[in-house]
Student: 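Can you keep this structure in mind? I'll have questions shortly.
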Amino acid sequence: MKSEMIEQAYQLAKARYAELGIDTEKVLKQLQDFHLSLHCWQADDVKGFEVQAGSMSGGIQSTGNFPGAARNIDEVRADVLKAKSLIPGNHRLNLHEIYGDFKGKVVDRDEVTVEHFQSWIEWGKENNTKLDFNSSSFSHPKSGSLTLANPDKGIRDFWIEHTKRCRDIANAMGEAQNDPCIMNLWVHDGCKDQSVNHYMYRHLLKESLDEIFAKKEPMMRDCLEGKVFGIGLESFTVGSHDFYTAYCSKHNVIQTIDTGHYHPTESPADKVSALLDFIPELMLHVSRPVRWDSDHVTIMDDPTTELFFEIVRAGALDRVHYGLDFFDGSINRLGAYVIGSRAAQKCMLRALLEPKETICKYELAGEGYKVLALIEEEKALPWQAVYDEFCLRNDVPVGQEFIADIDKYVADVTSKR
Ligand code: RNT
Ligand code: ZN
């Protein structure tokens, strides 16, 4: 695309938004300051690098067998850097514990240390990429259906030890990058069929969390992620949303909103304003559920758009961490990263461009139809011209031009895997 054309379209859009009292230059600065945390696990269908890795378990599933998945640490790094080169702005990388640099050795989950993440820390520094982290309780012989809530003390202690070690690693990452590392804790604990010991499981999970969080780790931040159910664990989820909302608000812990983790008609966006007065911050796992928590690639659909609007409307931009969490193995994985990340940015851009002050005034004056009118108009305002300008200024392909870059990467790199 010719840059003059993009520039002309942007100038028209700028004037159009100015009429509504929106300064697109200010918004472009805000968007530059909006950092996603790219999830490393889209690159290899959540396999990781454990020498002893078995098949995937723990209520999650990646479907599809598209060729070219990353097979090792170098390939994941190369793919992530390629993805970053096609996404405007600068973004963080979210690592799971199973993506440690284990150098061909068997390192069990209760043995992991920062040494296994030293090369990631260096990679992050070299590539101007801050790191976030996750403990990994799935895909392990001791996962079963219960980990931190397991009545067997031996198994429970194993996972407590794992999670404590992960917090130490996250803290070391935070120190090295001089910016807190956000560590998400999601465990799949639940029951496939009818069960009766629900209070016991939840009490055990609470006790495990209390023990895990007892140590102060100043350069990391904990966040807790609940969900409705996992595959094979359909009947009961220990870490439900109610459980974590209560835990997070009582202990001042960040809560994670995964957009695929609610009942199909429940709005993840509506959680934002409900939680903000009771928890310190929010972590997002932006994903796309299709009929279940299928982790399809994020697109600019209504639920995702509403989520970002709610954050901006609440004035909570600096109280949210923006993780992505989709893993589609049925399409080009690099394409998945680029589409999902750009879609999240577009949702954020539209939210930043909303003529919020005017709408607020109308709402408080009881002028309901004007509220509706402006919300409707927003949808077709020339935000795309502002996004194109953002890409241009960041020196990344504009619009669908990234397809050619991905085709080239397939020809040069992934087709040879
Ligand atoms: C699972 C949770 C969890 C995982 C990742 C891999 O339902 O969403 O966040 O997807 O940690
Ligand atoms: Zn998630």
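In listed order, ligands and their atoms are each counted from 1. For reference, positions follow the sequence shown, starting with 1.
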Student: Looking only at the side chains, is there a donor atom on one of Asn184 and Thr256 sitting less than 3.5 Å from an acceptor on the other?
Tutor: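 The criterion, which ignores hydrogens and geometry beyond distance, is satisfied for Thr256 and Asn184.
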Student: Looking at ligand 1, does any of its N/O atoms fall within less than 3.5 Å of an N/O of Asn184?
Tutor: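 Checking ligand 1 against Asn184, no N or O pair falls under 3.5 Å apart.
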Student: Counting heavy atoms only, which of Glu225, Met56, Met283 comes nearest to atom 2 (C) of ligand 1?
Tutor: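 Result: the heavy atom closest to atom 2 (C) of ligand 1 is in Glu225.
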Student: Output the list of atoms in ligand 1 that are nearer than 4.0 Å to some heavy atom of Phe327, sorted by atom number.
Tutor: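 The atoms of ligand 1 under 4.0 Å from a heavy atom of Phe327 are 10 (O).
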Student: May I ask you to check if ligand 1 and Asp293 share an N or O to N or O distance below 3.5 Å?
Tutor: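 Yes - when backbone and side-chain N and O of Asp293 are compared with those of ligand 1, one distance drops under 3.5 Å.
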Student: Taking only heavy atoms of Ile60 into account, list the atoms of ligand 1 that are under 4.0 Å away from them.
Tutor: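 Contacts of ligand 1 toward Ile60, numbered from 1: 1 (C), 7 (O).
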Student: Checking a contact table here: which protein heavy atom is nearest atom 7 (O) of ligand 1, and how many Å away?
Tutor: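 Going by distance alone, atom 7 (O) of ligand 1 is nearest to Lys227 NZ, 2.7 Å.
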Student: State the atoms of ligand 1, each with its element, that fall below the 4.0 Å cut-off from a heavy-atom position in His285.
Tutor: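 Close to His285: 9 (O).
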Student: Can you find a non-hydrogen atom of His188 under 4.0 Å from ligand 1?
Tutor: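 For ligand 1, residue contact (heavy atoms, under 4.0 Å) with His188 is absent.
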Student: Check the angle between the aromatic planes of Phe243 and Tyr247 and answer parallel, tilted or perpendicular using the 30° and 60° thresholds.
Tutor: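 The arrangement is parallel - the two ring planes meet at less than 30°.
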Student: Which ligand 1 atoms, with their elements, are less than 4.0 angstrom from a heavy-atom of His261?
Tutor: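 Counting from 1, the qualifying ligand atoms are 1 (C), 2 (C), 7 (O), 8 (O).
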Student: With no hydrogens and no angle check, just 3.5 Å: does a side-chain donor-acceptor pair link Asn127 and Lys84?
Tutor: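 Side chains of Asn127 and Lys84: no pair found under 3.5 Å.
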Student: Between Arg16 (side chain only) and Pro382 (backbone N and O only), is there a donor and an acceptor less than 3.5 Å apart?
Tutor: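 No, Arg16 side chain to Pro382 backbone: no donor-acceptor pair under 3.5 Å.
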Student: Glu25 vs Arg393, test: salt bridge (Lys or Arg N to Asp or Glu O under 4.0 Å). Steps then yes/no.
Tutor: CA-CA 12 Å; Glu25 286 299 318; Arg393 290 189 191 181; 2.8 Å; yes
Student: So Thr245 and Phe278, do their side chains get closer than 4.5 Å, heavy atoms only?
Tutor: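 No; the side chains remain at least 4.5 Å from each other.
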Student: Find all atoms of ligand 1 within a distance of less than 4.0 Å from any non-hydrogen atom belonging to His96, and give their numbers and elements.
Tutor: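 Listed by number with element, the hits are 5 (C), 6 (C), 11 (O).
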Student: Does one side chain, of Trp41 or Asp325, offer a donor that lies under 3.5 Å from an acceptor on the other?
Tutor: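 Their side chains do contain a donor-acceptor pair, which is all the 3.5 Å distance test asks for.
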Student: Scan Asp328, Asp44, Asp45, Asp79 and name whichever one has a salt bridge (Lys or Arg N to Asp or Glu O under 4.0 Å) with Arg333.
Tutor: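 The option that passes is Asp45.
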Student: One thing to verify: whether Glu266 and Lys271 come together as a salt bridge, which I'm taking to mean a side-chain N less than 4.0 angstrom from a carboxylate O.
Tutor: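 Glu266 and Lys271: salt-bridged.
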Student: Can you name the N, O or S atom of Glu225 that is closest to the Zn ion (ligand 2)?
Tutor: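 Going by distance to the Zn ion (ligand 2), the closest N, O or S atom in Glu225 is OE2.
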Student: Compare all side-chain heavy atoms of Asp108 with those of Val106 and state whether any distance is below 4.5 angstrom.
Tutor: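 Of all side-chain heavy-atom pairs linking Val106 with Asp108, none is under 4.5 Å.
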Student: Can you tell me the N, O or S atom of His285 that's nearest the Zn ion (ligand 2)?
Tutor: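 The His285 atom nearest to the Zn ion (ligand 2), restricting to N, O or S, is ND1.
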Student: Out of the N/O/S atoms in Asp325, what is the name of the one closest to the Zn ion (ligand 2)?
Tutor: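 Sorting the N, O and S atoms of Asp325 by distance to the Zn ion (ligand 2) puts OD2 first.
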Student: Answer yes or no as to whether an N/O/S atom of His261 is found below 2.8 Å from the Zn ion (ligand 2).
Tutor: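 Checking His261: none of its N, O or S atoms is under 2.8 Å.
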Student: Taking atom CD as the centre, does Gln384 end up with more than 12 heavy-atom neighbours from other residues, nucleotides or ligands that are less than 6.0 angstrom away?
Tutor: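 Result for CD/Gln384: enclosed.
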Student: If you look at Asp258, which of its N/O/S atoms is nearest to the Zn ion (ligand 2)?
Tutor: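 The Zn ion (ligand 2) is closest to the Asp258 atom OD2, counting only N, O or S.
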Student: Looking only at protein heavy atoms, identify the closest one to atom 4 (C) of ligand 1 and say how far it is in Å.
Tutor: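 The closest one turns out to be Asp325 OD2, 3.5 Å.
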Student: With heavy atoms of Asp258 as the reference, note each atom of ligand 1 found under 4.0 Å away.
Tutor: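 Counting from 1, the qualifying ligand atoms are 8 (O).
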